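Here the structure comes first, spelled out in structure tokens, and everything after it is commentary.
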There are 2 protein chains.
Amino acid sequence: MIKLSKMTDYAVVILAEMAAQEGNVQSASGLANHTKLPEPTVSKILKLLTKHDIIESKRGINGGYALVKSPTHINMAALITALDGPIALTACVEQSTECCERSQCCTMKGKWNPVNIAMQKALEDVSLAQMMGTN
Amino acid sequence: MIKLSKMTDYAVVILAEMAAQEGNVQSASGLANHTKLPEPTVSKILKLLTKHDIIESKRGINGGYALVKSPTHINMAALITALDGPIALTACVEQSTECCERSQCCTMKGKWNPVNIAMQKALEDVSLAQMMGTN
DNA sequence: ATAAATCGGACTGTTGCGGTACTCATTTAC
DNA sequence: GTAAATGAGTACCGCAACAGTCCGATTTAT
């Protein structure tokens with residue numbers, strides 16, 4: 001099963017909650033309460049999102065996190081990249097110019113790239129706002 | 001990193017080898033030799049592919065495996081489904097009508113489906129033959 | 001009928017991820 | 001200036017899924 005990690009799943013829920021209160025700075029514990037997710041996990045995800053400039057943080061008393069972009073401008077590709085690393089369907093991607101550990105160069109080297117690109121595009125086309133839309 | 005398992009990667013290499021000798025029945029050990037992959041792994045993959053009717057097996061002396069469809073009619077979606085299970089980007093897919101383990105229904109329930117469908121389509125559009133094409 | 005060759009399914013070890021806890025750095029209210 | 005509140009960073013543990021291994025079932029050539 002090609003599935004993205006729970007972390008990404010959680011991230012969407014958290015971001016949706018933040019978007020619902022757009023403009024407000026919300027603390028990690030507050031978000032954890034609202035989303036019913038375990039606080040340490042929420043905190044971890046928020047840090048990752050901050051590091052990748054998807055949200056911004058404010059320290060000190062009454063600190064917390066806030067969106068920097070509107071939900072329309074946050075796409076799934078960026079989210080997944082932030083939490084799970086680069087989007088690629090196999091280890092044998094073009095970037096690794098060396099041969100695999102196998103005795104000869106894998107004949108499939110680089111062949112997955114078109115697929116990867118297609119997937120990347122599919123994910124870029126979905127915004128957080130769309131994910132939040134009614135069923 | 002969204003990545004598919006090595007198994008799928010290997011499967012493509014193996015199928016490419018089989019396609020190169022289309023029509024011929026090839027034993028698991030023979031294919032392992034040609035692809036330089038560990039035989040038990042090759043064997044395991046061949047079993048999975050057989051179960052999903054992507055190839056067919058022949059027992060007894062001079063037995064082995066052979067393609068049932070032409071490389072043009074084998075797409076990546078079928079391959080990945082056979083080896084890694086259904087293509088879905090999250091556990092919270094439409095099919096599970098129950099709520100998550102969280103106290104309330106996840107607000108994102110079913111929202112990933114459009115993305116999943118887009119990915120499925122992207123993968124269906126790539127045939128084994130295309131993967132075998134020259135670099 | 002026998003035996004060799006091969007497929008088929010169950011089993012096990014290991015790696016990576018999800019989840020947690022702890023400590024340090026920073027900011028602001030008083 | 002001090003202390004409280006909050007985010008940032010690091011390190012750790014348990015579980016689950018995967019990669020790899022083995023032995024039994026089945027078929028066919030002789």
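Residue numbering restarts at 1 for every chain, and letters A, B, ... go by the order of the sequence lines. Remember, it's a predicted structure, so these values are computed and weren't measured experimentally.
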For this session: Let me know the distance between CD1 of A:Ile45 and P of D:dA8, rounded to the nearest Å.
Result: 14 Å
Exercise. Which nucleotide, C:dT26, C:dG19, D:dC22, lies nearest any side-chain atom of A:Arg59?
Worked result: C:dT26
For this session: Report yes if at least one side-chain N or O of B:Tyr65 is closer than 4.0 Å to OP1 or OP2 of C:dG8; otherwise report no.
Result: yes
For this session: Could you state the atom-to-atom distance from CG of B:Leu83 to P of D:dG20 in whole Å?
Result: 13 Å
Exercise. Is the phosphate of C:dC7, meaning OP1 or OP2, less than 4.0 Å from a side-chain N or O of B:Ser27?
Worked result: no
For this session: Give, for atom CE of B:Met76 and atom OG1 of B:Thr81, the distance between the pair rounded to the nearest 0.5 Å.
Result: 11.5 Å
For this session: Calculate the interatomic distance between A:Ile61 atom CD1 and D:dA5 atom P; express it in whole Å.
Result: 7 Å
Problem set entry | Euclidean distance, atom CG of residue B:Leu48 to atom P of C:dG8 [Å, nearest integer] | 11 Å
Problem set entry | A:Asn62 vs B:Gly60, nearer the 5' end of DNA chain C by closest nucleotide | B:Gly60
Exercise. What do you reckon, is NE2 of B:His52 surrounded by more than 12 foreign heavy atoms closer than 6.0 Å?
Worked result: yes
For this session: Indicate yes or no for a side-chain donor-acceptor contact from A:Asn24 to the backbone of A:Gln26 under 3.5 Å, with no hydrogens or angles considered.
Result: no
Exercise. Among the nucleotides D:dA29, D:dG20, D:dG9, which one has an atom lying closest to any side-chain atom of A:Lys47?
Worked result: D:dG9
Exercise. Is there a donor and acceptor pair closer than 3.5 Å between the side chain of B:Lys44 and the base of D:dA19?
Worked result: yes
For this session: May I have the distance from B:Ile80 (atom CD1) to D:dC18 (atom P), rounded to whole angstrom?
Result: 14 Å
For this session: Side-chain contact test, heavy atoms from C-beta onward, threshold under 4.5 Å: evaluate it for B:Ile45 versus B:Thr8 and give yes or no.
Result: no
Exercise. Think B:Ser57 has a side-chain N or O under 4.0 angstrom from the OP1 or OP2 of C:dG8?
Worked result: yes
Problem set entry | Nearest-0.5 Å distance, OG1 of residue B:Thr50 to NZ of residue B:Lys58 | 14.0 Å
Problem set entry | Whole-Å distance separating the CG atom of A:Asp9 from the P atom of C:dG19 | 10 Å
Seminar exercise, completed: Rounded to whole Å, the CG-C1' distance (B:Leu46 to C:dA5) equals 16 Å
Exercise. Considering heavy-atom distances to DNA chain D, does B:Glu39 or A:Ala28 have its closest nucleotide positioned more toward the 5' end?
Worked result: A:Ala28
For this session: Respond yes when some side-chain nitrogen or oxygen of A:Tyr10 is under 4.0 Å from OP1 or OP2 of C:dG19, and no when none is.
Result: yes
Exercise. Which is true for A:Lys58 with a 4.0 Å heavy-atom rule: it touches a base, it touches only sugar-phosphate, or it touches nothing?
Worked result: sugar-phosphate
Exercise. Within this structure, what is the CG-to-P distance between B:Leu49 and C:dG9, rounded to whole angstrom?
Worked result: 14 Å
